[in-house]
Amino acid sequence: MTNSSDEVQRGLQDVIALESHICFIDGKEGRLIYDGYDIRDLAAQSNFEETAYLLWYGRLPTSDQWATLRHHLVELRALPSAMVERIDSMPATATPMDVLRTAVSELALFEPEETRPGPSSIGGAQRLTAILPSILGQFHRRRAGLPPLAARPDLSHAEYLLYALLNRDPSELEARVLDVALILHADHELNASTFAARVTASTLSDLYSAVTSAVGTLKGPLHGGANERVMEMLEEIGTPDRVEEVVKAKLSRHERIMGFGHRVYKVEDPRATILREWSRRIGEAQGDLHYYELLRKVEEVVHREKGLYPNVDLYSGSVYALLGIPPDLFTPVFAASRVAGWTAHVLEEYQDLRLIRPMAKYIGPTDLPYVSIGSRV
Ligand code: SDX
């Protein structure tokens with residue numbers, strides 16, 4: 001039995017599934033562009049609020065539009081009291097990505113207007129982007145015995161995320177490095193979690209269902225979960241003199257070295273280039289270059305042994321660790337940024353909807369005779 005095309009592209013590798021104006025990745029040259037703007041320019045000059053606006057509307061905001069969005073995101077941070085109760089009832093030992101996936105799904109129960117497919121979803125996009133730091137903060141503060149969240153309208157999105165998780169106001173450098181990390185993680189074309197969101201939206205399902213699909217997909221260690229595992233590897237290595245031994249042993253066991261390789265980039269991920277420099281800067285400022293020095297050595301060994309380049313996840317964990325963010329919140333921080341991209345892609349899907357439904361090449365048997373259960377052995 002054959003389908004229309006016998007050519008199976010496992011993992012849909014190199015398959016172009018749709019047209020999009022949102023993000024361009026040049027895997028050969030190592031370039032990343034959001035709606036026409038190079039990620040290096042955005043990382044150097046923009047902020048997360050402006051980048052989210054760019055992804056949602058396809059253009060950079062005027063100062064009034066930026067101020068309106070920033071004010072709106074501040075207002076939308078508040079958790080409904082029923083959500084506070086639900087989050088507080090979750091086990092303190094729960095995996096934060098499970099908490100996030102559950103909370104996003106439950107939030108739809110209280111916000112029917114924003115969840116309907118179509119133009120009203122821009123409200124849902126802003127709501128989910130604004131509220132994810134509050135969900136994470138509410139959960140982490142309770143499990144860590146920290147005081148309850150305050151609204152903090154004075155804080156930007158990045159500042160509020162750090163305040164929500166750490167219960168302190170970040171320094172200017174800390175706020176800047178997290179803002180850059182949020183810009184870098186905001187979108188990345190049809191990565192697995194964004195594709196999951198678009199598949200969900202393509203059935204005309206709602207925005208909250210699409211983001212719930214995306215959160216569950218991002219959790220995997222081959223995708224958003226890699227940043228936490230990079231840090232586990234650094235803990236295992238311990239000192240620079242053990243890098244060669246530990247990395248080579250992993251490679252000899254055909255293990256994947258987390259933070260390396262990419263389906264699209266065949267050279268260095270431009271986000272890794274930027275995060276490497278911020279990891280050095282924040283490490284220098286805090287007098288702790290331990291992670292940075294280990295990672296530089298890991299890079300050297302992995303490139304020599306496998307010819308692989310670092311991806312966005314290699315240095316992000318070291319930046320988050322130096323900010324004081326617990327490792328099991330690294331992927332949730334990734335989600336708190338990528339929700340801007342997920343929702344931008346859902347909005348784009350609604351504007352030019354086409355059910356996403358690939359095919360499989362059937363390799364099982366055909367025409368088997370049915371045998372009644374009494375006659376089966
Ligand atoms: C993200 O898609 C996106 O855009 C994702 C992302 C985004 O912003 O959304 O960029 C974020 O998910 C970054 C990737 C984070 N994951 C990791 O760091 C996990 C480690 N990386 C690998 O698992 C792997 O590189 C993938 C999953 C990222 C890509 O895998 P592919 O394209 O399916 O490639 P592959 O697994 O088929 O590997 C091809 C070859 C193999 O060699 P052989 O077995 O054929 O000899 O390269 C080797 C692999 O063994 N290889 C690695 C490796 N990555 C590839 N070997 C050791 N360590 C690795 N990390």
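Worth knowing before you read on, the calculation uses all heavy atoms, side chains too, and leaves out hydrogens, waters and symmetry mates. In listed order, ligands and their atoms are each counted from 1.
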Side-chain heavy atoms under 4.5 angstrom apart, residues restricted to Ile, Leu, Val, Met, Phe, Trp, Tyr: same cluster for L136 and M83?
yes
Report the part of [X] in contact with ligand 1, treating N, CA, C, O as backbone and CB onward as side chain, heavy atoms under 4.0 Å; options are side chain, backbone, both, neither.
X	value
K306	side chain
N311	side chain
E255	backbone
I25	neither
D313	side chain

Contact check: [X] vs ligand 1, nitrogen or oxygen atoms, below 3.5 angstrom:
X	value
H188	yes
I257	yes
D269	no
L222	yes

Decide whether [X] and [Y] meet the rule of one side-chain donor and one side-chain acceptor closer than 3.5 Å.
X	Y	answer
S156	D179	no
Q138	D88	yes
S372	S375	yes

So the atoms of ligand 1 within less than 4.0 Å of a heavy atom of A226 turn out to be 15 (C), 16 (N), 17 (C), 18 (O)
In ligand 1, which numbered atoms sit nearer than 4.0 Å to a non-hydrogen atom of R271?
6 (C), 7 (C), 8 (O), 10 (O)
Aromatic ring proximity, centroids under 6.0 angstrom, Y350 and H345:
no
Determine whether the aromatic ring centres of residues H262 and Y309 are separated by less than 6.0 angstrom.
no
Nearest to [atom], what protein heavy atom do you find, and at what distance?
atom	answer
atom 2 (O) of ligand 1	N191 CB, 3.6 Å
atom 9 (O) of ligand 1	R338 NH1, 2.8 Å
atom 11 (C) of ligand 1	H223 ND1, 3.8 Å
atom 5 (C) of ligand 1	H262 NE2, 3.7 Å
atom 21 (N) of ligand 1	F260 O, 2.9 Å
atom 19 (C) of ligand 1	M258 SD, 3.6 Å
atom 36 (O) of ligand 1	R256 NH2, 2.7 Å
atom 32 (O) of ligand 1	R263 NE, 2.7 Å

Among L184, L314, L308, N227, closest by heavy atom to atom 52 (C) of ligand 1 is L308
Ranking G261, S337, G259 by closest non-hydrogen atom to atom 18 (O) of ligand 1, top hit is G259
Any K250 heavy atom less than 4.0 Å from ligand 1:
no
Any salt bridge (charged side-chain N to carboxylate O under 4.0 Å, His left out) pairs touching residues 329-345, not counting sequence neighbours?
none
How are the rings of [X] and [Y] set to each other: parallel, tilted or perpendicular (split at 30° and 60°)?
X	Y	value
H185	Y320	tilted
Y315	Y292	tilted
Y265	H188	tilted

[atom]: protein heavy atom closer than 4.0 Å?
atom	answer
atom 30 (O) of ligand 1	no
atom 26 (C) of ligand 1	no
atom 45 (O) of ligand 1	no

Side chain to side chain, E284 and R280, heavy atoms closer than 4.5 Å:
yes
Using atom types as modelled and distance alone, determine if a side-chain donor or acceptor of H21 lies under 3.5 Å from a backbone N or O of D35.
no
One should read off an interatomic distance between R281 CZ and E277 CD, to the nearest 0.5 angstrom, of 6.0 Å
Would you please name every residue forming a ring pair (Phe, Tyr, Trp, His ring centres under 6.0 Å) with Y34, sequence neighbours left out?
none
